[in-house]
4 protein chains.
Amino acid sequence: MSKEEIIEQEIINGAKKLMQQYGLKKTTMEDIAKAAGKGKSTLYYYFKDKEEIFDRVINLEMDEFFQTVKTAVYKQSNEIDMLKTYIVTKIKTLKDKANLYRFAIENDMQGRINKEFANLRNRYDNEEKKLISSILEKGVEASLFKSFVLQELDTLSELLVSCIRGVEMDIIAYNKNRSLLDKSDMLVEMLIKGIGK
Amino acid sequence: MSKEEIIEQEIINGAKKLMQQYGLKKTTMEDIAKAAGKGKSTLYYYFKDKEEIFDRVINLEMDEFFQTVKTAVYKQSNEIDMLKTYIVTKIKTLKDKANLYRFAIENDMQGRINKEFANLRNRYDNEEKKLISSILEKGVEASLFKSFVLQELDTLSELLVSCIRGVEMDIIAYNKNRSLLDKSDMLVEMLIKGIGK
Amino acid sequence: MSKEEIIEQEIINGAKKLMQQYGLKKTTMEDIAKAAGKGKSTLYYYFKDKEEIFDRVINLEMDEFFQTVKTAVYKQSNEIDMLKTYIVTKIKTLKDKANLYRFAIENDMQGRINKEFANLRNRYDNEEKKLISSILEKGVEASLFKSFVLQELDTLSELLVSCIRGVEMDIIAYNKNRSLLDKSDMLVEMLIKGIGK
Amino acid sequence: MSKEEIIEQEIINGAKKLMQQYGLKKTTMEDIAKAAGKGKSTLYYYFKDKEEIFDRVINLEMDEFFQTVKTAVYKQSNEIDMLKTYIVTKIKTLKDKANLYRFAIENDMQGRINKEFANLRNRYDNEEKKLISSILEKGVEASLFKSFVLQELDTLSELLVSCIRGVEMDIIAYNKNRSLLDKSDMLVEMLIKGIGK
DNA sequence: AATGAATGAGTTTTCATTCAT
DNA sequence: AATGAATGAAAACTCATTCAT
């Protein structure tokens with residue numbers, strides 16, 4: 001990593017922390033600069049404007065988040081456990097990052113969801129969908145899931161991603177993990193009833 | 001309705017439109033005043049501050065929204081159709097109100113979720129949950145759903161509300177209704193497989 | 001004049017003085033606000049942005065300037081004296097306003113001469129041209145100028161306006177009035193030789 | 001030319017283009033550096049500050065400009081054609097350099113006309129004046145112009161320079177060359193009437 | 001009951017300039 | 001000889017809120 005990249009990283013990391021703690025609107029360029037131990041104008045040497053910093057932070061957050069989930073999932077030995085782990089890990093991890101989605105939506109800087117961000121989300125959602133798809137596929141091969149799943153693979157994995165996001169949303173909004181495990185367990189259970197053999 | 005209440009309504013209605021169109025951050029007191037045909041400072045005669053206006057708007061939105069859904073649901077003659085209608089109507093209605101959730105999350109005015117607002121959301125979610133609960137209960141009575149549903153009534157209805165919200169989120173975020181019906185159909189189908197007799 | 005208009009005038013008058021004294025770039029919104037005895041943000045209550053204030057100042061300057069010249073001209077009893085007076089008064093008056101043209105050109109806020117300003121200049125130039133035209137016309141009627149002048153009225157009056165502006169430019173640039181009278185006298189003389197009977 | 005001088009020339013040439021295109025205020029050190037393919041701070045190795053670069057650019061521009069005009073003028077065989085050529089060439093050439101005068105006036109960097117720059121302009125104006133003077137003188141010798149011209153030589157040539165500058169100004173300001181030839185023709189004509197035999 | 005007028009306290013952004021290497 | 005990195009100092013602009021009338 002070049003020196004430039006290292007400093008960019010430092011700035012982004014500082015910004016990340018601030019945004020997690022205080023939210024987007026409250027995190028000023030001043031704050032970010034201070035956190036990075038730099039002058040305010042130095043930020044503009046590395047980034048075009050505030051928005052570019054936000055984009056980078058969200059990117060970073062999502063990558064880390066997704067990586068964590070994937071790692072946990074691939075430790076499992078069968079597809080049913082993988083699905084369970086996916087749901088539970090995702091939800092648990094999210095609690096450390098409760099402000100992330102807040103950014104995502106709040107960060108509507110031009111009045112509509114900004115394109116860069118939409119792309120980002122699309123990319124991430126696609127990766128999730130692919131992960132789920134592959135689990136479902138492997139699960140059918142392993143005779144764990146009904147074979148009709150293959151015909152509906154696309155819609156089904158999209159649906160799953162959406163449902164899980166819904167449960168996540170509540171956690172972000174209410175910050176309550178009471179009944180969290182209950183809910184994710186039940187989701188898995190329903191799922192297995194629906195698609196499991 | 002007193003004259004005072006009428007004017008309050010006018011202000012709120014104008015604000016509602018603006019917020020739906022431009023999002024929270026972009027809607028200024030100036031804009032709201034202009035839309036109401038009043039001076040900016042007049043707003044402070046009717047409302048304590050910006051936040052109070054937001055709260056009122058969200059309240060109004062949610063009431064209307066929930067009312068629409070409930071009306072559609074109660075037109076159905078059996079509980080399976082009620083569930084289907086609940087999901088489909090909610091999603092369809094949401095498309096006119098795509099900014100609503102944006103508020104909900106974005107509206108973190110003091111940097112933490114404001115209590116008044118949290119209460120509001122809780123109230124609404126509870127109503128939804130109660131609606132679902134009662135459908136499920138009636139459905140069991142009518143021998144449409146398995147009886148185990150009664151034991152898990154609470155968690156199950158919460159889970160349903162969350163899942164539907166997840167599908168909604170995608171619609172808000174991507175504004176695509178392609179595959180919308182596919183997804184909601186499949187959700188209903190899965191559901192019936194899971195709890196239907 | 002409404003109270004709003006009065007205050008606008010006060011702000012513009014203050015701005016005018018500052019800009020005459022310090023030039024455009026050095027005159028900040030802060031300065032203008034202080035001069036008007038108002039807060040900085042108050043300026044934005046009355047004017048959209050800095051540019052709007054500039055436009056107004058230039059407008060005002062030009063109106064005053066043109067008015068002064070016209071008044072002096074119309075005091076004269078024959079067209080030859082009118083032409084002389086036009087040239088001499090314009091040049092003399094300009095010395096109090098040496099920064100005006102500086103603005104005009106410097107104020108290239110969008111990187112090209114801004115449209116509002118171009119319009120303004122056009123309007124003003126046209127008025128000057130019309131003034132000159134009418135003097136020339138009347139002068140021909142009074143048998144003071146050769147009759148060919150009428151055929152070339154348009155180009156000729158434009159040319160005169162341009163030449164006089166050229167002499168003015170030097171005064172602005174060098175701030176020297178040495179030889180000022182010499183030059184304007186000679187211009188008049190040449191002119192009379194060219195068009196006088 | 002030493003290597004150092006070559007690089008200085010490259011920088012100045014790049015700066016010249018930028019300033020012609022975007023005007024002074026919009027041309028930043030960053031832009032100049034990029035155009036020269038150098039780092040921003042490198043500029044400070046070759047030049048004291050931004051002002052020094054401007055001075056050099058204006059110098060260069062004026063030299064080129066004046067050279068072009070002079071060359072065209074000396075191709076003519078009599079003084080009347082010389083005067084015509086002077087006016088027409090100057091105006092035509094100017095159109096490529098429309099921002100030049102803008103600099104000249106705009107470049108009031110410390111809020112008062114900077115001495116170095118004033119000298120520069122004086123030098124150039126003097127050269128123009130000398131050129132005109134010599135044409136007039138020769139023209140009298142050749143019996144093309146009236147002899148009174150000699151007595152007023154100084155003021156007269158200054159006046160001519162100023163008038164031509166005025167016509168130029170309009171071209172700069174309006175960017176219209178319609179009626180350009182009309183005007184310059186008429187100026188020549190008037191001139192000849194005034195001073196020609 | 002209503003608001004015109006005013007602003008405090010931020011916020012982002014710009015850019016010429018410096019300096020260690 | 002050249003520059004990457006950094007910044008100070010200012011500038012324009014925003015907006016919820018207040019208050020006298």
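To find a chain, count down the sequence lines: A is the first, B the second, and so on, and within it residues start at 1.
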Taking only N/O atoms, report every protein-nucleotides 17-21 of chain E pair under 3.5 Å with atom names and distance.
{"residue": "E/dT17", "atom": "OP2", "partner": "D/Y44", "partner atom": "OH", "Å": "3.4"}
{"residue": "E/dT17", "atom": "OP2", "partner": "D/K50", "partner atom": "N", "Å": "3.2"}
{"residue": "E/dT17", "atom": "O4", "partner": "D/K40", "partner atom": "NZ", "Å": "3.4"}

inquiry  = Can a donor-acceptor pair be found, under 3.5 Å and without considering hydrogens, that links the side chain of C/E61 to the backbone of C/V57?
reply    = no
task = Take the protein atom OH of C/Y46 and the nucleotide atom P of F/dC13, then report the distance between them rounded to whole Å.
result = 19 Å
remark   = In whole angstroms, the gap separating P of F/dA12 from CD of C/E52 amounts to 15 Å
ask   = A/F47 has an atom CZ; how far is it from atom P of E/dT14, in whole Å?
value = 16 Å
task = Could you tell me the separation between the CG atom of B/L60 and the NZ atom of B/K16, rounded to the nearest 0.5 Å?
result = 5.0 Å
Euclidean distance, atom CD1 of residue A/I32 to atom C1' of E/dT12 [Å, nearest integer] = 11 Å
query = What is the distance, rounded to the nearest whole Å, between atom CD1 of C/I6 and atom P of E/dG4?
reply = 17 Å
request  = To the nearest 0.5 angstrom, please state how far the NZ atom of D/K40 sits from the CD1 atom of D/I32.
outcome  = 11.0 Å
query = So, for D/A35 and D/L18, which heavy atoms are closest and what is the spacing to 0.1 Å?
reply = CB-CD1, 3.8 Å
ask   = D/I11 CD1 to E/dA16 P: how many Å, rounded?
value = 15 Å
task = Would you mind reading off the distance between C/L43 atom CG and E/dA5 atom P, rounded to a whole angstrom?
result = 15 Å
task = Could you tell me which non-hydrogen atom of D/M29 sits nearest to which non-hydrogen atom of D/I53, and how far apart they are?
result = CE-CD1, 4.0 Å
Value rounded to 0.5 Å, distance of CD in A/E52 from OH in A/Y44 = 11.0 Å
ask   = Is any side-chain N or O of B/T28 closer than 4.0 Å to OP1 or OP2 of F/dC15?
value = no
task = For D/E30 and for B/G39, locate the closest nucleotide of DNA chain E by heavy-atom distance; then report the residue assigned to the nucleotide nearer the 5' terminus.
result = B/G39
task = Spell out, as yes or no, whether a donor-acceptor pair under 3.5 Å connects the side chain of C/D31 to the backbone of C/K34.
result = no
query = A/K38 has an atom NZ; how far is it from atom P of F/dG8, in whole Å?
reply = 12 Å
note = Residue pair A/D31/C/T42 against DNA chain E: nearer the 5' end by closest nucleotide is C/T42
key: Dot-bracket summary - DNA chain F, pairs being Watson-Crick or G-U whose distances fall under 3.5 Å, with | when paired to another strand   = .||||||||||||||||||||
In residues 6-13 of chain C, what donor-acceptor pairs under 3.5 Å come from side-chain atoms, sequence neighbours left out?
{"residue": "C/E8", "atom": "OE1", "partner": "C/R56", "partner atom": "NH1", "Å": "3.1"}
{"residue": "C/E8", "atom": "OE1", "partner": "C/R56", "partner atom": "NH2", "Å": "3.4"}
{"residue": "C/N13", "atom": "ND2", "partner": "C/Q9", "partner atom": "O", "Å": "3.2"}

Spacing of OG1 belonging to A/T28 relative to NZ belonging to A/K50, to within rounding of 0.5 Å = 6.5 Å
